[in-house]
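We name chains A, B, ... by the order of the sequence lines, and we start the count at 1 in each one.
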Protein chains: 2
Amino acid sequence: MDHINIKKLAEALNLSTSTISRAFRDNSDINGATKERILAKAKELNYQPNHYASNLREQKSKTIAVIVPELANNYFSQAIHGIERVARANGYHILIYVTDDDYHKEVTFIKHLHNGRADGIIMSVSGEANDHNYLNEFGTKRLPLVFFDRIYEDIATPRVVTNDYKSSFLATEHLIAQGCQRIAYLVVNKSLSIGKTRMQGYLDALAKHQIDFEEQLIVDCTNSYDENSIIIKNALTDLKPDGVFTSVERLAFATYYACYDLEISIPDDLKVISFSSLEIAPLLNPSLTTITQPAAEIGDEAAKLLFKILDCEQDKNFLNEVVLESEIIIRNSTVNQLKKA
Amino acid sequence: MDHINIKKLAEALNLSTSTISRAFRDNSDINGATKERILAKAKELNYQPNHYASNLREQKSKTIAVIVPELANNYFSQAIHGIERVARANGYHILIYVTDDDYHKEVTFIKHLHNGRADGIIMSVSGEANDHNYLNEFGTKRLPLVFFDRIYEDIATPRVVTNDYKSSFLATEHLIAQGCQRIAYLVVNKSLSIGKTRMQGYLDALAKHQIDFEEQLIVDCTNSYDENSIIIKNALTDLKPDGVFTSVERLAFATYYACYDLEISIPDDLKVISFSSLEIAPLLNPSLTTITQPAAEIGDEAAKLLFKILDCEQDKNFLNEVVLESEIIIRNSTVNQLKKA
DNA sequence: TTGTAAGCGTTATCAC
DNA sequence: GTGATAACGCTTACAA
């Protein structure tokens with residue numbers, strides 16, 4: 001009696017396997033008493049219907065896959081938490097895949113997921129600069145897919161985003177209002193759509209306020225901590241900006257470290273604003289002014305969108321776009337400290 | 001030609017399904033040319049062997065489940081990242097389950113996972129105060145299980161931990177060396193083993209330095225942000241400690257917020273040290289002295305331990321304990337600032 | 001209400 | 001080297 005399956009349970013109860021099966025499905029006709037008896041015995045023997053057998057039979061997995069560029073980032077862990085909550089409430093399990101911003105990993109994950117392992121995918125993309133067409137190759141067999149935050153504009157699938165253009169515009173205007181005239185924009189890869197959108201808000205805000213745009217004030221960073229440290233220090237030293245707008249929180253942290261080292265005072269010498277969902281932004285030295293995306297809510301919405309498709313309430317190619325509001329929270333990193341004046 | 005399976009691929013190539021199958025397994029006898037032909041066609045038609053059918057047949061899922069108390073915590077997201085890396089390298093997928101520190105969720109997750117969905121489990125537990133015996137009820141059928149960080153002492157299964165007793169002892173001694181005489185210990189649930197172990201280090205350090213222990217200096221907090229805020233403010237006001245040692249980073253943040261509100265100066269009026277894997281601890285105001293656990297490495301080790309069992313290199317009940325070193329990193333939150341003297 | 005039996009997509013065993 | 005076939009554990013017509 002090593003592994004207990006439906007057959008053994010049936011034998012133990014002198015019933016057929018179909019009856020057992022029915023006890024575990026809500027829709028079926030089954031005698032209440034028999035059902036009780038079965039469930040009791042199942043509990044006693046610790047029987048669980050084999051998931052793979054059920055799914056093979058039913059052709060669905062009750063599993064969704066979540067693909068993110070990184071995990072050690074407050075935004076993504078909060079978003080995943082939101083997704084997890086909704087998935088669990090719907091009786092779904094979630095698989096996690098981390099691309100480390102590697103396009104090839106993304107392609108591999110997606111392709112492998114089309115083997116029945118998952119019923120749907122929620123993804124924040126990594127390969128904006130690469131060929132997105134691999135997603136179209138599945139044709140009608142493509143799994144339901146929902147993008148969040150980092151998306152491929154040219155793939156017609158539902159998405160949950162924030163209005164990054166507007167936030168960036170307002171963030172830049174905020175710096176200008178605080179007296180900044182030389183504002184640097186720090187981005188991880190400026191050719192990626194998320195970097196581009198955010199950059200456009202920055203550029204347009206500069207234009208509106210008739211501040212000349214200097215190409216070199218757009219500082220292209222990398223995924224390496226050490227490289228960024230050098231890049232940012234050089235930028236601060238050579239370009240002498242009085243304001244910095246960073247497209248991801250990681251770069252704001254790197255800027256803080258650079259300023260500590262170079263003895264540049266934030267906000268007196270340099271004002272800093274960043275996209276960030278860091279919950280302890282108020283505790284930083286100085287507290288960081290942020291554009292805070294509603295991360296958990298984005299995860300929630302993305303999951304809900306996916307379940308709409310899975311429940312056949314919506315066609316998977318219907319281009320549903322949910323736009324949520326980010327909030328700019330002004331803290332000390334962009335406001336002159338009177339006590340020091 | 002909606003869904004492509006092994007049968008259709010076989011027909012398309014005028015071969016039998018067995019031959020197709022062989023092309024995808026490394027061990028089998030198959031003509032090199034045939035194999036090429038099959039793989040080419042498979043790629044063309046975007047064929048992926050159905051995961052559930054394979055797993056049903058092979059009775060294993062190439063999937064491991066990771067159960068954690070929370071996700072929005074630097075320690076756990078780093079640990080998961082470590083696990084993910086090792087799992088991926090071994091061709092395994094990972095399922096994520098978040099208990100929100102709810103024992104019943106933990107039990108439900110574990111029970112359901114014994115339906116074939118996962119081949120093994122890596123868990124940081126939530127129910128230290130509750131009955132762990134549910135894990136023994138599976139008998140020999142229990143899935144391979146590896147604990148990390150928060151464990152059940154009484155369940156014989158491999159585990160990866162840090163020496164929390166020692167770290168807590170040293171942390172407390174550090175506060176004493178900095179002149180603290182009334183040291184509060186903040187814990188989320190003092191009856192839980194992780195809270196207890198860490199508390200014991202604290203108590204023994206006090207004893208060693210002949211500091212009287214006051215029951216009320218052990219402050220039992222909750223999982224609610226708002227409740228903790230009140231609890232901590234009351235503790236700071238009523239007990240007037242000169243040092244605080246917090247067992248999880250969340251409580252250190254709450255202490256910072258409370259001090260800001262109460263205008264208590266860290267480190268002048270109060271010194272703070274905490275368990276935390278926060279990478280930006282140096283950026284806090286003031287920078288936070290931490291006991292930093294090697295989170296990613298712990299994840300790595302836990303995954304490696306699990307794979308040892310899955311590869312049959314080790315019995316799953318062999319009580320293998322890996323102890324890693326935490327590091328106490330002294331920063332401004334525990335050191336008097338000379339410039340203010 | 002319950003039982004019988006076919007089939008989900010694979011893979012392993014055994015022929016050829 | 002390749003093909004036929006049974007089996008993995010479950011669900012669902014259909015039959016009783």
Quiz item: Hey, does A/Met123 have a side-chain heavy atom less than 4.5 Å from the side chain of A/Arg150?
Solution: no

Exercise. Name all pairs fulfilling the salt bridge (Lys or Arg N to Asp or Glu O under 4.0 Å) condition that reach into residues 87-99 of chain A, sequence neighbours left out, sorted by first residue then second.
Key: A/Glu84-A/Arg88

Quiz item: So, is B/Thr19 close to the D/dT2 phosphate, meaning a side-chain N or O under 4.0 Å from OP1 or OP2?
Solution: no

Quiz prompt | Atom-pair distance (NZ on B/Lys35; P on D/dT2), nearest Å | solution = 12 Å

Quiz item: Residues two or more places apart in sequence or in another chain: which of them pass salt bridge (Lys or Arg N to Asp or Glu O under 4.0 Å) with B/Asp101?
Solution: none

Quiz item: Around B/Lys308, counting heavy atoms of other residues, nucleotides and ligands shown, do more than 12 lie under 6.0 Å from its NZ?
Solution: no

Quiz item: Rounded to the nearest Å, what distance is computed from the NZ atom of residue A/Lys60 to the C1' atom of nucleotide D/dT11?
Solution: 11 Å

Quiz item: Taking five pairs at each end, how big is the angle between the two axes of the helix from C/dT1-D/dA16 to C/dC16-D/dG1, to 10°?
Solution: 40°

Quiz item: Atom CD of B/Glu11 to atom C1' of D/dT2: distance rounded to whole Å?
Solution: 17 Å

Quiz item: Can you tell me how far P of D/dG3 sits from CG of B/Leu13, to the nearest Å?
Solution: 10 Å

Side-chain donor-acceptor contacts of residues 58-65 of chain A below 3.5 Å, not counting sequence neighbours, with atom names and distances?
| from | atom 1 | to | atom 2 | distance (Å) |
| --- | --- | --- | --- | --- |
| A/Glu58 | OE1 | A/Lys60 | NZ | 3.4 |
| A/Glu58 | OE2 | A/Arg25 | NH2 | 3.4 |
| A/Ser61 | OG | A/Thr63 | N | 3.4 |
| A/Ser61 | OG | A/Arg117 | O | 3.2 |
| A/Ser61 | OG | A/Asp119 | N | 3.3 |
| A/Ser61 | OG | A/Asp119 | OD1 | 2.9 |
| A/Thr63 | OG1 | A/Ser61 | O | 2.9 |
| A/Thr63 | OG1 | B/Arg117 | NH1 | 2.7 |
| A/Thr63 | OG1 | B/Arg117 | NH2 | 3.2 |

Exercise. Give the rounded distance in Å between these two atoms: CD1 of A/Ile30 and C1' of D/dT11.
Key: 13 Å

Side-chain donor-acceptor pairs under 3.5 Å in residues 40-47 of chain A, sequence neighbours left out?
none

Self-check item: Protein-to-nucleotide contact annotation, 5' to 3' order, nucleotides 7-16 of chain C [B base; S sugar-phosphate only; - none; under 4.0 Å, heavy atom]
Solution: BBBBBB----

Quiz item: Which whole-number value in Å describes the distance from A/Lys62 NZ to D/dC10 C1'?
Solution: 16 Å

Quiz item: Hey, are A/Glu297 and A/Lys304 close enough for a salt bridge, meaning a charged N less than 4.0 Å from a carboxylate O?
Solution: no

Exercise. Indicate yes or no: at least one non-hydrogen side-chain atom of A/Ile38 is less than 4.5 angstrom from one of A/Leu13.
Key: yes

